[in-house]
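The block underneath contains the structure these notes are about, expressed in structure tokens.
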There are 2 protein chains.
Amino acid sequence: MRAPQSVRFPERVPARDVHREVCLHTMATNDMSPGARALLTKLDLFAKLDPQARRTLAGLLDRPQVSYERGQDLMTQGALRRDSYVILTGWAARSKTLPDGRRQILSFLTPGDAVGLFGAITPVATSSVTALSDLTAAPFAPTAIVRTIARSPQLAAALVWAAAREQEIMGEHLVSLGRRSARERVAHLFLELWARLKVRGLAGGDQLQVPLTQQIIADALGLSVVHVNRTLRQLAAEGLLAVKRESVALLDIRQLHQVTGFDEDYLMHHAMPQDLAAELARLVTHGPG
Amino acid sequence: MRAPQSVRFPERVPARDVHREVCLHTMATNDMSPGARALLTKLDLFAKLDPQARRTLAGLLDRPQVSYERGQDLMTQGALRRDSYVILTGWAARSKTLPDGRRQILSFLTPGDAVGLFGAITPVATSSVTALSDLTAAPFAPTAIVRTIARSPQLAAALVWAAAREQEIMGEHLVSLGRRSARERVAHLFLELWARLKVRGLAGGDQLQVPLTQQIIADALGLSVVHVNRTLRQLAAEGLLAVKRESVALLDIRQLHQVTGFDEDYLMHHAMPQDLAAELARLVTHGPG
DNA sequence: CGTCCGTTTGAGGTTTCTCAACGAGGGTGG
DNA sequence: CCACCCTCGTTGAGAAACCTCAAACGGACG
């Protein structure tokens with residue numbers, strides 16, 4: 001058994017101005033809270049939500065937004081659940097910690113992502129969610145999700161889509177940890193984050209702002225910090241990417257794709273398929289009968 | 001980059017009589033198809049479904065069951081999706097394969113589990129589902145899930161619970177691949193399977209029937225077959241478990257728990273929490289208004 | 001009786017880890 | 001303003017875990 005390389009998440013470090021802006025689609029969102037808009041931006045990738053769905057969404061997220069500093073927990077493994085959130089600005093990580101301190105990051109959460117969306121289902125949190133940068137979030141009651149599902153079938157379908165998308169990302173993550181080399185894991189992670197951010201307008205060109213320390217990358221990829229460092233430097237030496245303070249430039253995307261066999265289909269950037277849309281439309285017009 | 005150790009899944013091998021029986025709870029299930037009963041058995045862990053939910057479930061699964069031989073795909077990565085299924089008897093594995101042949105198993109599917117439950121969302125399958133033993137399954141149309149969600153809020157909540165539970169299992173799997181040693185991974189896998197089967201009445205005592213070859217275990221745990229073999233033999237030598245043909249006996253459960261820090265809470269064997277149940281009941285009685 | 005699939009074992013190699021130390025930057029307090 | 005932390009990144013050296021290759025074994029089945 002190896003000793004834990006994992007280290008506490010950073011705490012009480014002042015803010016940096018990474019990604020404080022949520023990119024909003026040009027819809028009539030004036031009447032909505034920031035939380036509703038952020039979630040809408042994401043769900044909109046899947047389907048244009050109808051007025052009923054948008055009202056329901058607005059009703060769900062009508063509480064004032066809250067702020068967290070880098071290193072604080074929005075949710076703590078083993079503790080009773082409190083609120084659920086939609087992230088407005090900043091990054092967070094969902095992680096699990098073993099009794100001896102080893103830590104594994106399960107997923108990265110970016111603006112528009114939900115924290116504990118289905119959290120009402122277990123009273124005690126099985127993972128922690130920690131702010132990786134200073135962040136703001138829109139809180140909502142965990143049980144409200146049930147009401148939401150019942151009130152708008154379209155919204156329910158969109159939420160299921162969001163859950164399925166998350167599962168796809170976790171699946172690809174599982175492949176990385178189980179079958180990819182350190183080099184492939186690192187390259188794959190950056191390609192994924194780049195693709196995720198780009199589709200929401202949070203990254204442009206080949207540049208990408210990420211508030212990730214090498215320790216955090218290590219905990220996400222199941223590697224030691226030392227080896228992440230060496231891998232990063234090797235990829236940089238080959239001219240594939242350039243790492244600065246808290247940003248990364250993907251210099252040779254074609255070759256990065258080749259290194260990892262990256263195929264962004266699993267991220268599901270696409271709209272609802274035809275048959276599903278038809279089924280939903282029928283329901284919305286004629287009722288569930 | 002390591003060469004692929006992964007090997008094709010076994011094919012066309014005759015059936016073995018492992019787990020051909022689904023344990024049914026003692027409810028009035030006479031009017032339901034086998035598929036509906038199997039899924040009900042699982043969803044029942046979460047909440048006693050009301051008549052409306054049970055009617056909807058029966059309507060979803062009214063097609064005749066189908067059979068697959070060991071090694072056949074119920075769903076193939078990269079191919080267009082066909083039906084979704086509820087597994088009735090036998091085991092399956094969901095896996096992803098890299099271009100060079102390396103394979104990672106994402107999850108094991110046992111009776112009552114759904115294949116491609118949310119599959120309508122992507123037209124092309126991002127993973128394969130392969131029969132690990134001969135199996136039978138109840139098919140349903142992928143888009144039917146939308147109707148189901150709209151017709152019964154209780155069923156919708158139960159399905160969300162099932163999805164959340166799956167995500168928890170994947171999360172723990174991620175911890176294994178990222179931060180646990182081979183020894184811990186193997187012990188953890190068996191404890192998980194044992195707990196999952198026991199709660200549905202598919203395993204008794206410390207014995208557990210699993211149609212897993214060492215190659216399959218390796219592909220699930222991100223290890224080589226050779227190392228799985230050595231790890232298995234080491235655990236056996238220490239008297240922690242005994243592996244026979246296709247069954248495993250957990251000889252020292254206390255120490256196995258200690259080896260892995262296993263805590264079965266993440267499997268969510270429990271019923272719906274109080275507040276969620278109350279919320280749902282209100283909806284069912286008063287409507288979503 | 002031969003073949004096939006899965007398991008087992010040996011030997012040597014590679015990746016990744018641990019331990020340890022140093023450097024660079026930024027914030028903080030004297 | 002400078003000295004001192006503290007965090008994070010970087011580098012070296014040796015060790016451990018795990019992998020590959022190769023070969024042999026055993027049971028099941030034709």
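In the text below, chain A, chain B and the rest are named by the order of the sequence lines, each starting its count at 1.
- Between the side chain of A/Asp134 and the backbone N or O of A/Glu69 there is no donor-acceptor pair closer than 3.5 Å.
- Contact check, A/Asn229 against D/dG9: no side-chain N or O comes under 4.0 Å of OP1 or OP2.
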Quick test: give all pairs of protein nitrogen or oxygen and nucleotides 13-15 of chain D nitrogen or oxygen below 3.5 Å, distance rounded to 0.1 Å.
unit_1, atom_1, unit_2, atom_2, d
D/dA13, N6, A/Arg230, NH2, 3.0

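- Contact annotation: A/Arg179 side-chain N/O to D/dC18 OP1/OP2 distance is not under 4.0 Å.
- Defined by atom type and a distance below 3.5 Å, a donor-acceptor pair is present between the side-chain atoms of B/Thr126 and A/Glu168.
- Ion pairing between a basic and an acidic side chain is recognised when a charged N comes within 4.0 Å of a carboxylate O; A/Lys198 and A/Asp206 show no such pairing.
- At whole-Å resolution of the value, CD in B/Gln214 and P in C/dT7 are 4 Å apart.
- Legend: salt bridge (charged side-chain N to carboxylate O under 4.0 Å, His left out) pairs involving residues 233-243 of chain B, not counting sequence neighbours, sorted by first then second residue: B/Arg183-B/Glu238.
- Sorted by first then second residue, the salt bridge (charged side-chain N to carboxylate O under 4.0 Å, His left out) pairs that include residues 84-98 of chain A, not counting sequence neighbours, are A/Lys96-B/Glu172.
- Residue A/Arg70 places its side chain closer to D/dC8 than to any other of D/dC19, C/dT9, D/dC8.
- For the residue pair B/Glu246/B/Gln209, the side-chain donor-acceptor check at 3.5 Å is not satisfied.
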Between the protein and nucleotides 25-27 of chain D, list every N/O to N/O distance that falls short of 3.5 Å.
none

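- Listed by first then second residue, pairs satisfying ring-ring contact (aromatic ring centres under 6.0 Å, His included) with a partner in residues 201-257 of chain A read A/His257-A/Phe262, not counting sequence neighbours.
- Contact check on B/Arg102 versus B/Asp219 returns no salt bridge, with no Lys/Arg side-chain nitrogen under 4.0 Å from an Asp/Glu carboxylate oxygen.
- Summarising the geometry, the separation between CD1 on A/Ile217 and P on C/dT16 is reported as 16 Å, rounded to the nearest angstrom.
- In this structure, CD of B/Glu184 is placed 14 Å from C1' of D/dC18, rounded to the nearest angstrom.
- Separating the CG atom of A/Asp100 from the P atom of C/dT18 is a distance of 11 Å, rounded to the nearest angstrom.
- Between the side chains of A/Thr89 and A/Thr136, a donor-acceptor pair is found at a separation under 3.5 Å.
- D/dA16 atom C1' lies 15 Å from atom CZ of B/Arg183, rounded to whole Å.
- Atom CD of B/Gln215 is separated from atom P of D/dT20 by 11 Å (rounded to the nearest Å).
- Of the N and O atoms on the side chains of A/Thr231 and A/Gln234, not one donor lies less than 3.5 Å from an acceptor on the other residue.
- Put simply, the residue from B/Leu189, B/Asp113, B/Ile169 that forms a side-chain contact (heavy atoms from CB on, under 4.5 Å) with B/Phe108 is B/Leu189.
- One interatomic measurement links the two molecules: CG of B/Asp219 to P of D/dC19, which rounds to 11 Å at whole-angstrom precision.
- Where B/Thr231 and A/Leu212 meet DNA chain D, the nucleotide closest to each residue was compared, and A/Leu212 sits on the side nearer the 5' end.
- One can place CZ of B/Arg180 at 17 Å from C1' of D/dA17, the figure rounded to the nearest angstrom.
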Quiz item: According to the Watson-Crick and G-U wobble definition with distances under 3.5 Å, which dot-bracket string, read 5' to 3', encodes DNA chain D, using [ ] for crossing pairs and | for pairs with another strand?
Solution: ||||||||||||||||||||||||||||||
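- Ring geometry for A/Tyr68 versus A/Tyr85: interplanar angle over 60°, hence perpendicular rather than tilted (30 to 60°).
- Proximity note for B/His227 (side chain, C-beta onward) versus C/dT18, C/dT16, D/dC18: the nearest is D/dC18.
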